[in-house]
Amino acid sequence: MSNKVYVAMSGDLIHHGHMNVIQKARELGEVIIGLHTDEAVASYWRVPFLSYEERKQIIENISGVTAVVPQDTFDQVPNLQKYRPQYVVHGDDWKEGPHRHFRDKVIQCIKEWGGELVELPYTKGIQLDKVQDLVHGIYTTTDMRRAALRKLLNIKKHLRVLEAHNGLTGLIVEKTQIENEEGIRQFDAMWISSLCDSTAKGKPDIELVDLSSRLSTIHEILEVTSKPIILDGDTGGKIEHFIYTVRTLERIGVSAIIIEDKIGLKKNSLFGTDAGQTQDSIENFCNKIKAGKLAQITKDFMIIARIESLILKKGMDDALKRARAYIEAGADGIMIHSIDKSAEEIFEFCRQYKQFPLTMPLVVVPTAYNQIKEDALFDAGVNIIIHANHLIRSAYKAMSQTAHTILQNKRSYEANDQCLSIQEILTLIDSDIIGG
């Protein structure tokens, strides 16, 4: 009986380096390809171009491949324990860097049955930077980017989103990731908050910054990033105006807008009832949702309805009633907002929401109850968690501290440790700009 040889890959962009690995595996025995599922690919990279079934069909038709099996995580160990191959073949590029501990886990695992890790030298001629630039470039196209949020929700079910308010913070959301024993963790999308956009422009958060100015921020972020964008649309404005907002956002590649069911002068929900806010009627807000959906050209764009009932002390029943009505009106998602620091009313809403005969993706913004771990919210039924304003809050604090330091010391020397070096700031953007 021939030896089993295991090779893990995503198979979304096949190049001759992959073929070299498969060729080596073929020389050692029967080749089992552990093909990363769509969820696995999205967890460490982005939405794959091709679905799992499409990629599987391609890999199955490569000469020498005996079987293609799903690998549900970046970690190979679960599949290795299942198939117990004599050999695992991989490139040697994971000896150093963030994937090193996955290599260590493979070695430890296959030692149990005397398996061997075979590593091939990095294949010359592959310009991974160029491949990455190509991939990023494709995801900056309008159609790909607009559709990415829906695809992610279909694949991952649970998404983590962080605020961005300019190109630089967009790059932070785009590039930041950590890797540990649980796998690779990153942000799936970016939130363009009206609070943060207004604050960055030195203006109050009262819908003072008009759509043209908001679009300037969006374009700034679109130019240098590729992840899907969710826009904070405040109240959405008048129905007649909202129609054009939807068409504009859809045209430029934004994935979703969240609008809140309030009327009158917008004031931030974190003020609660102290701000004298007025909730829209269910009928009028449903008409706004319907008008927005009718205005759409594609099926990709999402209109998410934000419910303010808990903020305004209208009660759980009112929040649930509105959720049902907004879903019936065509909302693609429901955001339930709360300033209850215990999060008890959020968990209660989730519990009752799950009993609906028809549900849409559920969104929360845990600014007030951010002691709650993401997993607890996901387990309760939440699909999207938005960390809504933390980059601008942390940036302001750091910049203010630097300004005070310079004033106190009559020079900037003491602020050096609080700043990037001149060399780092000069090279930061060029190395990160897509296609650069």
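Side-chain contact, Thr402 with Gln418: a donor N or O sits under 3.5 Å from an acceptor N or O. With hydrogens and angles left out, the side-chain atoms of His36 and Gln71 include a donor and acceptor closer than 3.5 Å. In this structure, a donor-acceptor pair under 3.5 Å is absent between the side chains of Glu207 and Ser194. A donor atom on one side chain and an acceptor atom on the other are found under 3.5 Å apart for Glu348 and Gln352. Under the 3.5 Å distance criterion, with hydrogens and angles disregarded, no donor-acceptor pair is assigned to the side chains of Asn389 and Glu163. A donor atom on one side chain and an acceptor atom on the other are found under 3.5 Å apart for Thr169 and Asn166. Between the side chains of Lys293 and Gln296, at least one donor N or O sits under 3.5 Å from an acceptor N or O.
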How far apart are the C-alpha atoms of Ile257 and Val254, what are their side-chain angles, what is the distance that settles it, and do they pass the side-chain contact (heavy atoms from CB on, under 4.5 Å) test?
CA-CA 8 Å; Ile257 186 172; Val254 171; 5.9 Å; no
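Residues passing the salt bridge (Lys or Arg N to Asp or Glu O under 4.0 Å) test with Glu328, sequence neighbours excluded: none.
Contact of the Ser255 side chain with the Met302 side chain is not registered, since no non-hydrogen atoms from C-beta on lie closer than 4.5 Å. Contact check for Ile22 versus Ile62: side-chain heavy atoms found under the 4.5 Å cut-off. Between Arg251 and Thr142, the closest side-chain pair of non-hydrogen atoms is not below 4.5 Å. A 4.5 Å side-chain heavy-atom check between Trp94 and Glu119 finds at least one atom pair inside the cut-off. Considering only heavy atoms from C-beta on, Ile346 comes within 4.5 Å of Ser338 through its side chain. Counting only heavy atoms from C-beta outward, the side chains of Asp205 and Thr199 never approach each other to under 4.5 Å.
Within 6.0 Å of OH in Tyr396 there are 12 or fewer heavy atoms belonging to other residues, nucleotides or ligands. For His404, the NE2 atom sits in a loose shell: 12 or fewer heavy atoms of surrounding residues, nucleotides or ligands are nearer than 6.0 Å. Within 6.0 Å of CG on Asp417 lie no more than 12 heavy atoms contributed by other residues, nucleotides or ligands. Around the CD1 atom of Ile422, the shell of radius 6.0 Å holds no more than 12 heavy atoms that belong to other residues, nucleotides or ligands. The number of heavy-atom neighbours closer than 6.0 Å to CD of Glu283, taken from other residues, nucleotides and ligands shown, is 12 or below.
Taking both residues in full, the closest heavy atoms of Ala291 and Ile239 are given as CB-CG2, 3.6 Å, listed atom of the first, atom of the second, then distance. Here the shortest heavy-atom pairing between Ala42 and Leu152 reads CB-CD2, 4.0 Å. The two residues Cys196 and Ala388 make their nearest non-hydrogen contact at SG-O, 3.6 Å. Residue Ala325 comes nearest to Cys286 through the heavy atom pair O-SG, 3.6 Å, listed as atom of the first residue, atom of the second, then distance. Smallest separation of non-hydrogen atoms from Ile221 and Thr225: O-OG1, 2.7 Å. Closest approach of Ala323 and Phe349 over heavy atoms only: CB-CZ, 4.0 Å.
Of the possible donor and acceptor atoms, one in the side chain of Asn383 sits under 3.5 Å from a partner among the backbone N and O of Leu362. At least one donor-acceptor pair under 3.5 Å links the side chain of Asp332 to the backbone N or O of Ile303. Under the 3.5 Å distance criterion, the side-chain polar atoms of Arg306 are left unmatched by any main-chain donor or acceptor of Met335. Side-chain atoms of Ser51 come within 3.5 Å of backbone atoms of Glu54 as a donor-acceptor pair (strictly under, hydrogens ignored). The closest donor-acceptor contact from the side chain of Tyr353 to the backbone of Met360 lies under 3.5 Å. Judged by distance alone, the side chain of Asp234 and the main-chain N or O of Gly236 form no donor-acceptor pair under 3.5 Å. Under the 3.5 Å distance criterion, the side-chain polar atoms of Arg160 are matched with a main-chain donor or acceptor of Gln186. With Glu345 contributing its side chain and Met316 its backbone, the two residues share no donor-acceptor pair below 3.5 Å. Thr141 places no side-chain N or O within donor-acceptor distance of the main-chain N or O of Asp143, the cut-off being under 3.5 Å. No donor-acceptor distance shorter than 3.5 angstrom exists from the side chain of Glu308 to the backbone of His337, with no hydrogens or angles considered.
Checked for salt-bridge contact, Asp318 and Arg322 meet the test: a charged N lies under 4.0 Å from a carboxylate O. Ionic pairing of Lys201 and Asp197 is present here: one or more N-O contacts between side-chain nitrogen and carboxylate oxygen are shorter than 4.0 angstrom. A salt bridge between Lys262 and Glu260 is present, with a side-chain N of the basic residue lying under 4.0 Å from a carboxylate O of the acidic one.
Distance check, rounded to the nearest 0.5 Å: CD1 of Ile155 to CD of Glu39 gives 8.5 Å. Note that the NE2 atom of His241 and the CG atom of Leu211 stand 11.0 Å from one another [nearest 0.5 Å]. Atoms CZ and CE, from Phe49 and Met144 in turn, are 5.0 Å apart once rounded to the nearest 0.5 Å. Atom CD1 of residue Ile230 and atom CD1 of residue Ile304 lie 5.5 Å apart, to the nearest 0.5 angstrom.
Of the residues His158, Lys227, Lys156, the one that meets the side-chain hydrogen bond (donor to acceptor under 3.5 Å, both in side chains) test with Asp188 is Lys156. The residue from Leu162, Leu159, Val365, Val364 that alone fulfils the side chain to side chain contact (heavy atoms under 4.5 Å, CB included) condition with Ile386 is Val365.
Figure legend: Arg55 and Tyr52 shown without cation-pi pairing, the cationic atom not lying both under 6.0 angstrom from the six-membered ring centre and within 45 degrees of its axis.
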